[in-house]
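Every value quoted in this text rests on a predicted model; they were computed, and no experiment measured them. First listed ligand is number 1; within each ligand, the first listed atom is number 1.
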Amino acid sequence: MRMVNLAGAQLGPIQKDESREQVVRRMLALMDEAKAKGADLIVYPELALTTFFPRWYMEDQAEVDRWFEREMPNAATQPLFERARSYGMGMSFGYAELTPEGRHFNTSIIVDRDGQIVGKYRKVHLPGHAEYDTERAFQHLEKRYFEPGDLGFPVWRTMEGVFGMCICNDRRWPETYRVMGLQGVEMVMLGYNTPSVNSQKPEEGLEQRMFHNRLSVQAGAYQNATWVIAVAKAGVEDGHPLFGGSLIVDPDGTIVAEATTEADELIVHACDLDATVFGKTTIFDFKRHRRIEHYGLICSQTGAVPPA
Ligand code: CDV
């Protein structure tokens, strides 16, 4: 058995005027609770340090850039790195990254139990739009503020396993999990900020939206025989509700832990990475069963092209 005592640290809402330091204090409280519960790896949401700012339309680049981190760790996040290291706990969290070259990404990192950043992922599937949309009840401007990730879907051998990351909308795409599955991933860590209301389909109920969340994560786990942890930022941010439902899914596709609130909440589960072996050597033994001669379209076109 290769055990990872996994904690998902769901964050409740972060208002626009909350500072990084205030948020980090909440993250530290969840880390303390995780330690008390025996966790050795903690996962926080997408854009964990601030409100979900892409809902706000901004034209002034300086105003945009104040939501971004120019280095990691930095003064505000250093306490997270220090405490995780003192606890011998790995961690992963998302933040808005501004590179020295002036590029903007929606990023997450994996930090090992010695406090070293061992991996970085930049969100590939950016939802939403780039210009103000008068038709929407609220905006989702990720395509305005971020470039699509340029690092692909790498995995890392660390903490006695094979770990990968993706971010929010990526979880809805089977390609995300399969590219990591083809590198033998054993645990996928992801964070999300998902509005409780679909701005383009307001009649869609919350239950349906949460069903799609579970469906995507469970399918990705089962079809690639990997653990998946998905962690929400939840609750009402400046009048805009985000759903919770953070969950841990085993390599059989079964939910083993799920959050019940829309507040700061910890979910924990003892995950055996060797539980991935059965799926990877039977029904999803890729080497024996995949038929790549039939999959060319997946990498040669984006949009669907029905027959004439
Ligand atoms: N942050 C996200 O990527 N949110 C999307 C919403 C916009 C649908 C998601 O897939 O949850």
Within reach of ligand 1, part of F52 (heavy-atom separation under 4.0 Å): side chain
R55, portion touching ligand 1 at heavy-atom distance under 4.0 Å: neither
Whether E147 side chain and F105 backbone form a donor-acceptor pair below 3.5 Å: no
Could you tell me, atom by atom, which parts of ligand 1 come under 4.0 Å of a heavy atom of [X]?
{"X": "K123", "value": "1 (N), 2 (C), 3 (O)"}
{"X": "N193", "value": "1 (N), 2 (C), 4 (N)"}
{"X": "E46", "value": "1 (N)"}
{"X": "E142", "value": "1 (N), 2 (C), 3 (O)"}
{"X": "C168", "value": "1 (N), 2 (C), 3 (O), 4 (N), 5 (C), 9 (C), 11 (O)"}
{"X": "N169", "value": "3 (O), 9 (C), 10 (O)"}

Do [X] and [Y] pair up side chain to side chain, a donor and an acceptor below 3.5 Å, judged on atom types alone?
{"X": "H140", "Y": "E142", "answer": "yes"}
{"X": "N224", "Y": "R178", "answer": "yes"}
{"X": "D133", "Y": "Q139", "answer": "no"}

W227 and H269 aromatic ring geometry - parallel, tilted or perpendicular at 30°/60° bounds: tilted
Aromatic ring pairing F53/W67, orientation class (parallel under 30°, perpendicular over 60°, tilted between): parallel
Given N193, D264, T51, the one that forms side chain to side chain donor-acceptor pair (under 3.5 Å) with K233: N193
Nearest candidate to atom 8 (C) of ligand 1, where distance is taken over non-hydrogen atoms, out of R172, H125, H140: R172
Shared hydrophobic cluster, M210 / V197 (ILVMFWY, side-chain heavy atoms < 4.5 Å): no
Closest protein heavy atom (residue, atom, distance) for atom 11 (O) of ligand 1: T194 OG1, 2.6 Å
G128 heavy atom under 4.0 Å from ligand 1: no
